[in-house]
Amino acid sequence: MKLSLTHRCCTFASIVGLSLLTACASTVNTVERAAPVGQRQMVNDKRVITDAGLNRAVRIVGVNEAPGEFLKIQVELLNTTSSLKSFNYRFEWFDANGVQVNSPTSTYIPRQIEGKESIFLSALAPTPAAKDFRLKLIDNTR
Amino acid sequence: MKSQNSPHTLLALGSASLLLAGCATPQATYVDPSGSRIITTVGSINIQDYANAADTMVGSLIDGVINAGKLESPGGQPAMLAISRIVNNTSQHVDTDMLVKKIRVALSKTGKVVTTTTMGLGGNAEDPLAKGIQQQTEFLQDKKNTRLPDYSLSGKIIEQREQAGNVRQSSFVFQLSLTSKDGLAVWEEEKTITKQGKRSTVGF
C-alpha cells in the first residue's frame with residue numbers, strides 16, 4: 001500500500017513536471033512555398049565562436065547578399081532549442097581597404113527568437129564604400 | 001628588533017593600501033554608448049532606442065529610395081533635405097534631434113543627401129549666421145540662386161503604456177515620412193520599440 005502511494009505520487013509529479021515543461025516550451029511551426037522563386041546569393045563566411053552555448057542555441061544557418069550600390073546582407077539564424085532565446089546583435093562595416101566604416105546609428109540591437117524558430121537579420125551598408133561586413137552576436141544573460 | 005621591523009611593516013601596510021586602492025570599484029565608469037552594457041529603463045526612451053530606431057529608418061530609406069534609384073535631385077547633385085516638424089507625442093521631454101541628427105549624419109555619409117541648415121519650419125533657420133551669409137551673397141550678386149529642398153522629413157514619436165499586474169510595458173513608435181516637392185510621401189517608415197519589466201534593469 002505504501003509502495004503504491006509512493007508510485008502514485010511519483011507518477012503525479014512526473015505528469016505535473018511534464019505539463020509545466022510543455023507549457024514553457026512553445027516552438028514555431030512554419031509553411032512556405034516548396035520551391036521558392038527567389039534564389040539566395042549565398043556568401044562564404046568565416047565564423048569565430050567564443051560563446052559555444054550561444055552558438056549551440058542560436059545557430060547561424062547561412063549568409064546571403066543582395067546586389068545594389070549599397071551592400072545588403074541577410075543572415076539566417078535558427079533557435080535549436082525549444083525555448084525563447086534573447087540576444088543582441090550588431091553589424092560592422094569595412095571599406096575596400098579593410099578599414100571600419102563608422103555609422104552614428106550603429107548599436108547592439110536586442111532580438112528574441114522563439115523555440116525552433118528561424119529568423120533573418122538584415123542590414124544595409126551605411127555607404128557605397130562599405131564592401132565587407134561582420135555580424136556580432138552576444139547572449140543576453142545579464 | 002622592533003626598530004628593524006618597523007620599515008618592513010610600513011612597507012607592507014603601504015603595499016596593502018595601494019592594492020586595496022587599485023581594487024576599489026570606481027564611482028563612475030565610461031561605457032560604450034553603442035555597446036550592450038548601457039542602462040535600459042522601461043518608462044523612457046534610452047539612447048540605444050534612438051540609435052535602434054535611426055538604424056531602421058536609415059536602412060529603410062537607403063533600401064527603398066537610394067538603392068532603388070528613386071532619389072531625385074537636379075543635375076546629379078546630392079538631394080537636398082529640409083527638416084520639418086517632428087512631433088513628440090510622448091509623456092516625456094524628448095529632444096527630437098536625438099533621432100533626427102543620427103539620421104541626418106548617416107544620410108550625409110552616404111554622399112547622396114545633404115541637409116539645409118538655412119531653411120526651417122516657420123522660416124526659422126537652424127544656422128541663422130549661414131542664412132545671413134546666404135542672403136548677403138545673393139544681395140551682392142544681385143540674383144536669387146537659393147536652391148529649394150528636394151525633400152522634407154517629418155514625423156512623430158508616440159508612446160503607449162500598458163500594465164498587467166506587476167509587469168509594466170512601454171511602446172515607443174517612431175514614424176517618419178519623406179515628402180517630395182510634389183507634396184507626395186515618397187517614403188514612410190515606422191519602428192516600434194517595446195520594453196517590459198518590473199523595474200529599471202541594466203542591459204537589454
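Reminder, nothing fancy here: chain letters follow the sequence lines and each chain counts from 1.
Side-chain contact between B:Ile38 and A:Tyr108 is absent, with no heavy atoms from C-beta onward closer than 4.5 Å.
Residues A:Pro104 and B:Ala106 share a closest heavy-atom pair of CG-N, 3.8 Å. A:Lys72 approaches B:Asp63 most closely through the heavy-atom pair NZ-OD2, 3.0 Å. Pairing each heavy atom of A:Ser106 with each of B:Ser34, the nearest pair is O-CB, 3.1 Å.
In B:Arg147, the CZ atom is crowded: over 12 heavy atoms of neighbouring residues, nucleotides or ligands sit closer than 6.0 Å. Within a 6.0 Å sphere centred on CG of B:Asn166, heavy atoms belonging to other residues, nucleotides or ligands number 12 at most. Heavy-atom neighbours of B:Leu121 CG from other residues, nucleotides or ligands within 6.0 Å: above the threshold of 12. For B:Arg161, the CZ atom sits in a packed shell: over 12 heavy atoms of surrounding residues, nucleotides or ligands are nearer than 6.0 Å. More than 12 heavy atoms of other shown residues, nucleotides or ligands fall within 6.0 angstrom of atom CZ in A:Phe120. When the shell of 6.0 Å around CD of A:Glu65 is examined, it contains more than 12 heavy atoms from other residues, nucleotides or ligands.
In this structure, CG in B:Asn52 is found 4.5 Å from CD1 in A:Ile109, a value given to the nearest 0.5 Å. Atom CG of residue A:Asn102 and atom NZ of residue B:Lys109 lie 6.0 Å apart, to the nearest 0.5 angstrom. The distance from atom CG of A:Leu124 to atom OG1 of B:Thr110, rounded to the nearest 0.5 Å, is 11.5 Å. With rounding to the nearest 0.5 angstrom, the CD1 atom of A:Ile138 is 6.0 Å from the CZ atom of B:Arg37. The distance from atom CD1 of B:Ile62 to atom CG of A:Leu71, rounded to the nearest 0.5 Å, is 11.5 Å.
Contact of B:Val58 with chain A is made through the side chain alone, with heavy-atom distances under 4.5 Å. Looking at B:Lys112, only its side chain comes within 4.5 Å of chain A, counting heavy atoms on both sides. Only the backbone of A:Pro126 comes within less than 4.5 Å of a heavy atom in chain B; its side chain stays farther off. Residue A:Ala66 does not touch chain B at all, counting heavy-atom pairs closer than 4.5 Å.
By the side chain to side chain contact (heavy atoms under 4.5 Å, CB included) test, B:Leu148 is found to be paired with B:Met119, residues two or more places apart in sequence or in another chain being considered. Applying the side chain to side chain donor-acceptor pair (under 3.5 Å) rule to B:Asp97 yields no partners; only residues at least two apart in sequence or on another chain are considered.
Judged by distance alone, with hydrogens and angles left aside, the side-chain atoms of A:Arg90 form no donor-acceptor pair with the main-chain N or O of B:Ser36 at under 3.5 Å. Using a distance-only test at 3.5 Å, with no hydrogens or angles considered, a donor-acceptor pair links the side chain of B:Asn67 to the main chain of A:Glu69.
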